[in-house]
Amino acid sequence: MVRTVAPHLAGRRIVEVRAFTHKPWAQSLGKASGQTIRAVRRYGKFILLELDTGLLAIHLGMTGKLLAGGSRGPYTRAVLVCDGATVLFDDVRQFGSVRWLAREPARLGPDALEVSAEEFLGRLRAHKGRLKALLLNQSFLRGLGDIYADEALFRARVHPLAARLGRERALRLHEAIVNVLSEAVAKGGSSVSDYVDADGRPGWFQFEHRVYRRTGEPCQVCGTPIKRMLVAQRGTHYCPRCQRK
DNA sequence: CTTAATGTTCCCCA
DNA sequence: TTGGGGAACATTAA
């Protein structure tokens, strides 16, 4: 999303940010008017627009989208009007937000795409919870969500309920996380239900999903049916044979 | 009618 | 203090 929205916004002056919701986040948006967007970058799951003073932090929640151009629809919750460009923030379920912040969101762990193997191993050692829950915890690691947690665990052959990994498997998991995210970004993300980029184009990494929402289908490695269970209130997909605790 | 859905946060309890 | 369970938030689709 950052890669497709950045060309529309970087360097432009914000005329106004108008919200069409009474969610609390809509309050702080006045601060953005008149400021120039210095840079557009990702911070974990946040999309940050760096302004002259502070930043706009956008979180897409479950169904949020940023759409360049286009006109207001029934799920448009905010509009970012710039000199020469307009970007809509559409969000069916309204778990997403756009807010002005003085600085980067705090209390988040290292980025899942940038964390070194050593730091990852060190942080893993400090926790004893279930791996799936840990990977979803943004203060442990920022940037992983349900899809890529499941896909990374499968690729690393680690059971979602595993805890306290040995060095070998921890290294495998770190590698799987970086690989799965890099590949997903290269393929434009996973369009499973709502996601499209800022130009309205779906991604195609969903065709590479090996377990996510493939309950009952044969595992591509061993043929065992993929199972689904709940972990941390999230649907969790895994191969009961390939992924051991 | 029920369940699940790319997420986060807060409350209760061990 | 850490973790697990469940609920809440809001809406659609199967």
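These numbers come from the heavy atoms of this one structure, side chains and all, not from hydrogens, waters or symmetry mates. Throughout, protein chains are lettered first and strands after them, A, B, ... in sequence-line order, and every chain is numbered starting at 1.
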Do A:V79 and A:I14 sit in the same hydrophobic cluster, where Ile, Leu, Val, Met, Phe, Trp and Tyr count as joined when their side-chain heavy atoms come under 4.5 Å apart?
no
Could you give the distance from CG (A:L56) to NZ (A:K31), rounded to the nearest 0.5 Å?
12.0 Å
According to a cutoff of under 5.5 Å between the ring centres and under 30° between the ring planes, does A:F95 stack with the base of C:dC9?
yes
Please tell me if A:R234 has a side-chain N or O lying less than 4.0 Å from either OP1 or OP2 of B:dG7.
yes
Could you state the NZ-P distance from A:K23 to C:dT11, rounded to the nearest angstrom?
8 Å
Using a cut-off of less than 4.0 Å, is there contact between a side-chain N or O of A:K128 and OP1 or OP2 of C:dT2?
no
Tell me: CG of A:N137 to P of B:dC10, nearest whole Å?
14 Å
Check the side chains of A:D150 and A:H209 for a donor-acceptor pair under 3.5 angstrom, ignoring hydrogens and angles.
no
Out of C:dT12, C:dG3, B:dG7, which has the shortest distance to the side chain of A:H59?
B:dG7
Checking side chain to side chain contact (heavy atoms under 4.5 Å, CB included) between A:V2 and each of A:L9, A:L48, A:I47, which is the one that passes?
A:I47
Would you say A:R228 places a side-chain N or O within less than 4.0 Å of OP1 or OP2 belonging to B:dA5?
yes
A:L60 CG to B:dG7 P, straight-line distance once rounded to whole Å
10 Å
May I have the distance from A:Y43 (atom OH) to B:dT8 (atom P), rounded to whole angstrom?
14 Å
What is the distance from CD of A:Q138 to P of B:dG7, rounded to the nearest Å?
8 Å
When you check the phosphate oxygens OP1 and OP2 of C:dA10, does a side-chain N or O of A:Y75 lie under 4.0 Å from one of them?
no
Reckon A:D91 touches a base, only the sugar-phosphate, or nothing at all at heavy-atom distances under 4.0 Å?
nothing
How are the rings of A:H174 and A:F120 set relative to one another: parallel (under 30°), tilted (30 to 60°) or perpendicular (over 60°)?
tilted
Would you indicate, yes or no, if C:dT11 has its OP1 or OP2 atom less than 4.0 angstrom from a side-chain nitrogen or oxygen of A:Q94?
yes
Are any of A:R107's side-chain N or O atoms less than 4.0 Å away from OP1 or OP2 of B:dT9?
no
